[in-house]
Amino acid sequence: MLTISNYVKAKTLEEAYELNQARSSRVMGGMMWMRLGNAKVKTIIDLSGLGLDQIEESDNVIKIGAMCTLRQLEECQALKEMYGDGIAEAVCHIVGVQFRNQATVGGSIYGRFGFSDVLTAFLALDTFVELYDGGTIRLSEFVKQKPDKDILLSVIVRKSKRSFRYESIRQTQTDFPVIACSVVNGIVHGQETWYFSVGARPMKAALLEKQWEIPKDASEEVIAEYARQAAAEFTYGTNMRGSAQYRRHLAEVLIRREISSILAEGK
Ligand SMILES: Cc1cc2nc3c(=O)[nH]c(=O)nc-3n(C[C@H](O)[C@H](O)[C@H](O)COP(=O)(O)OP(=O)(O)OC[C@H]3O[C@@H](n4cnc5c(N)ncnc54)[C@H](O)[C@@H]3O)c2cc1C
């Protein structure tokens, strides 16, 4: 059971950060995950009064406050216009609408959960995280760091002309994913570049970048070979939802479908 001694609604980010430096303090997002744990928390720090619940769009970026809910992501018009239905697809299987109205982007990214659809989706895009103490760093770098006592303020997606696809396989519609894959394609520094992010392996999402020039009219066999190569570069593990071998097979299938879909769009 989770036990909490003090609740503080932080008035400033500085106050939240200072309070969080104690070993027994915790920042709260939507509490959807934390409430299932067994921790003894001395001070729980609520960030909900700090204006971190907005999605802001500028010419170059879409900035998602840490206290935005997964439902806000799902309904965000700016993300839809830029990257199609991929982000909504990544979150729409997470439990149900009421749940997604509470679970936050900050909790989802900060937790670096192996099963995270949210992490898998953003990792393949040109994404940064803004930390109170650690500054703004690439999400791909943040993913590799161990959780510490910093506070995640926002997730920043740089706008660029990239195609984005997201797919997952689940044993039932709202279960954790057995595997989750994002594929992104665009011209980066003048070169055609593909990004592959595979999560729920069951380890946390990892990113692969390839400068591949796949012809728009590539045959299914050629696409399948690229997908095989991409899927083979990730490691997979076994748990109650599937074996490593099964996951690798599923990753290959999803990546093939996503590459095909992106190429079809460009024809
Ligand atoms: C039954 C169930 C099923 C789920 N299924 C899926 C699924 O299929 N796919 C998926 O992707 N996710 C799934 N999730 C995870 C869910 O989407 C959220 O990621 C999770 O609940 C954490 O978000 P939260 O806002 O509830 O964070 P909390 O539970 O409040 O916090 C989680 C952790 O993050 C820390 N934290 C929160 N916000 C910040 C911040 N701003 N800065 C620093 N640290 C912070 C907290 O201290 C805590 O350690 C599931 C969760 C549950 C309970």
Side-chain angles (χ1 to χ4, degrees), residues 33 36-37 70 83 85-95 103 107-127 129 138-147 155 162-185 193-212 214 218 220-263:
W33 185 258
L36 303 178
L70 300 188
Y83 300 114
D85 294 330
I87 296 289
E89 173 56 32
V91 295
C92 73
H93 302 285
I94 302 175
V95 187
S108 300
I109 296 288
Y110 202 85
R112 285 161 268 210
F113 304 113
F115 53 73
S116 182
D117 292 285
V118 186
L119 192 57
T120 309
F122 280 119
L123 194 57
L125 288 167
D126 197 2
T127 308
V129 291
R138 277 205 172 273
L139 178 59
S140 52
E141 197 183 317
F142 178 75
V143 165
K144 292 183 200 147
Q145 295 177 356
K146 289 217 171 83
V155 172
R162 296 187 188 186
S163 304
F164 171 63
R165 296 291 185 278
Y166 185 89
E167 288 205 42
S168 62
I169 300 278
R170 309 170 116 83
Q171 287 173 348
T172 61
Q173 275 290 322
T174 57
D175 192 11
F176 291 107
V178 179
I179 197 86
C181 300
S182 288
V183 176
V184 168
N185 170 245
T193 307
W194 292 83
Y195 296 93
F196 304 92
S197 144
V198 181
R201 298 175 290 125
M203 298 81 86
K204 68 187 167 197
L207 182 66
L208 172 71
E209 179 181 337
K210 290 281 176 196
Q211 272 75 43
W212 281 341
I214 311 179
E220 275 303 309
E221 289 73 30
V222 169
I223 296 171
E225 179 51 28
Y226 278 110
R228 195 195 59 72
Q229 280 185 41
E233 292 208 29
F234 293 90
T235 52
Y236 303 89
T238 298
N239 68 1
M240 61 184 280
R241 287 189 173 75
S243 66
Q245 200 188 359
Y246 178 51
R247 284 193 158 94
R248 180 174 162 162
H249 172 72
L250 293 179
E252 205 175 306
V253 172
L254 294 190
I255 290 172
R256 173 169 57 73
R257 285 185 197 159
E258 291 171 289
I259 296 176
S260 293
S261 165
I262 289 174
L263 293 176

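Between Leu70 and Val118, some side-chain heavy-atom pair lies under the 4.5 Å cut-off.
Atom CZ of Phe234 and atom CZ of Phe196 lie 8.0 Å apart (nearest 0.5 Å). Rounding to the nearest 0.5 Å gives a distance of 10.5 Å between CZ of Arg138 and CG of Leu123. With rounding to the nearest 0.5 angstrom, the CD atom of Glu233 is 10.0 Å from the CZ atom of Arg248. One finds the OG atom of Ser168 at 10.5 Å from the CG atom of Leu250 (value rounded to the nearest 0.5 Å). Separation of atoms CD (Gln229) and NZ (Lys210) is listed at 7.0 Å; rounding is to 0.5 Å. Within the model, atoms CG of Asp117 and CD of Glu167 stand 12.0 Å from one another, a figure rounded to the nearest 0.5 Å.
Tested against Asp175 for a side chain to side chain donor-acceptor pair (under 3.5 Å), the candidates Arg241, His93, Arg170 yield a single pass: Arg241. Paired with Arg256 under the rule side-chain contact (heavy atoms from CB on, under 4.5 Å), one option of Leu254, Val253, Ile259 passes, and it is Val253.
The backbone N or O of Tyr195 lies less than 3.5 Å from no partner atom in the side chain of Asn185, so there is not a single donor-acceptor pair. For Ser261 (side chain) and Arg257 (main-chain N/O), no donor-acceptor pair under 3.5 Å exists by modelled atom type. Within the 3.5 Å criterion, the main-chain N or O of Phe142 finds a donor-acceptor partner in the side chain of Arg112. Arg162 contributes no side-chain N or O that, together with a main-chain N or O of Leu125, makes up a donor-acceptor pair within less than 3.5 Å. Under the 3.5 Å distance criterion, the side-chain polar atoms of Thr120 are left unmatched by any main-chain donor or acceptor of Ser197. Panel note: side chain Tyr83, backbone Val184; no donor-acceptor pair is recorded below 3.5 Å.
Annotation for Ala218 and Val222: closest pair CB-CG1, 4.0 Å, computed over non-hydrogen atoms. The two residues Tyr166 and Glu89 come nearest to each other via the heavy atoms O-CG, 3.4 Å. Looking at every heavy atom in both residues, Gly237 comes nearest to Arg247 through O-NH1, 3.1 Å. Pairing each heavy atom of Ser182 with each of Phe164, the nearest pair is OG-CE1, 3.8 Å. Scanning all heavy atoms of the two residues, the minimum distance from Ala230 to Leu208 falls at O-CD2, 3.6 Å. Between Phe122 and Ile87, the shortest heavy-atom contact is CE2-CD1, 3.9 Å.
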Below 3.5 Å, can you tabulate the donor-acceptor pairs from side chains in residues 198-205 to any protein atom, sequence neighbours excluded?
| residue | atom | partner | partner atom | Å |
| --- | --- | --- | --- | --- |
| Arg201 | NE | Val198 | O | 3.2 |
| Arg201 | NE | Lys204 | O | 3.4 |
| Arg201 | NH1 | Thr235 | O | 2.8 |
| Arg201 | NH1 | Thr235 | OG1 | 3.2 |
| Arg201 | NH2 | Lys204 | O | 2.7 |
| Lys204 | NZ | Val143 | O | 2.9 |

* Output, in order, the C-alpha distance, side-chain angles, deciding distance and verdict of side-chain hydrogen bond (donor to acceptor under 3.5 Å, both in side chains) for Arg165 and Ser163. => CA-CA 7 Å; Arg165 296 291 185 278; Ser163 304; 5.2 Å; no
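Under the 30°/60° scheme for interplanar angles, the aromatic rings of Phe115 and Phe113 are found to lie parallel.
Atom CD of Gln211 is surrounded by more than 12 heavy atoms from other residues, nucleotides or ligands within 6.0 Å.
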